[in-house]
Amino acid sequence: MFINPTFALNKTIKKIVVLISGRGSNLQAIYHMIMSQKLPVEISLVISNRDDAIGLTFCQAQKIRTHIIDSKGKERSIFDSELVQVISAEKPDLIILAGFMRILTSVFIDAFPNKIINIHPSLLPKYKGLKTHQRALDAQDQITGASVHIVNADLDGGCIIAQIVIPIYELDTAETLATRLLPAEHILYAYVVKLWAYDILHFDAQGAYLCDQKLQSPLQLSAI
Ligand code: GRF
């Protein structure tokens, strides 16, 4: 989509909080878009539920503020309350789940209505939850992909905003699919965040809107 550059003038910088659990490659993709001045967004805070998340090392190197809330052995609602407390203080415009491997309860979701998005490595509504690539292979699917969706109380079940498709080849394994999908995920997530940052895309309880038109189906990108 063409974004009128004049629209970008005097654009207010929106604040995001990013939640990670591991590598944080989607976070890095968003960060690089910001640094190349293609995204009027500030990463206010990165929160990890694991102190050994590799993505934290990247944040330290780039001087991005981080916060660890260890989820190990913690009741879900207690962890989520801590998360709400820390994130509320940031007053973010959007909360981005990027490889955040923790099921969230309504304690968290209800605190930030229509403000949380996630990326999931399947063409939702197919293959919610884990082992998405193996499930696509087992079903002998010809294509797979990733979806960015609004987070609600149903696991991977919120309104699907956008998807990117890649082919599945005969010799693919779950590992090769994950490897080939990852760069496509980066394109997809940065694309969605960019549309949102420029006020082209917004969300409410009813769904996602592109230029104030309710999306009837997810935006489609192709990496084929
Ligand atoms: C990605 O495949 C993402 O879709 C999933 O977790 C994986 C890890 O991503 N939710 P990242 O490298 O930590 O961003």
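Counting from 1, the numbers follow the sequence of the chain as shown. Numbering of ligands and ligand atoms starts at 1, following listing order.
If you check which protein heavy atom lies closest to atom 6 (O) of ligand 1, you get G99 CA, 3.5 Å. Among all non-hydrogen protein atoms, the one lying nearest atom 13 (O) of ligand 1 is G24 N, 2.9 Å. The nearest protein atom to atom 10 (N) of ligand 1, hydrogens excluded, is given as I119 O, 3.2 Å; this is a heavy-atom distance. Counting protein heavy atoms only, atom 7 (C) of ligand 1 is closest to R23 NH2, 4.1 Å. Given atom 2 (O) of ligand 1, the protein heavy atom at minimum distance is E185 OE2, 2.8 Å.
Numbered from 1 in the order shown, with element, the atoms of ligand 1 that lie under 4.0 Å from a heavy atom of S25 read 11 (P), 12 (O), 13 (O), 14 (O).
There is a side-chain donor-acceptor pair under 3.5 Å between H186 and S25.
Between the side chain of D80 and the backbone N or O of L104 there is no donor-acceptor pair closer than 3.5 Å.
Of the polar atoms of N26, at least one N or O is found under 3.5 Å from an N or O of ligand 1, judged by distance alone. Any N or O atom pair closer than 3.5 Å counts here, and N118 shares no such pair with ligand 1.
In this structure, K126 pairs ionically with D141, as a charged nitrogen and a carboxylate oxygen lie closer than 4.0 Å. Salt-bridge check for K14 with D199: passed, with a basic side-chain N closer than 4.0 Å to an acidic carboxylate O.
Summarising the geometry, atom OG belonging to S48 is positioned 8.0 Å from atom CZ belonging to F100; distances are rounded to the nearest 0.5 Å.
Under the 4.5 Å side-chain heavy-atom criterion for Ile, Leu, Val, Met, Phe, Trp and Tyr, V192 and I43 are members of the same hydrophobic cluster.
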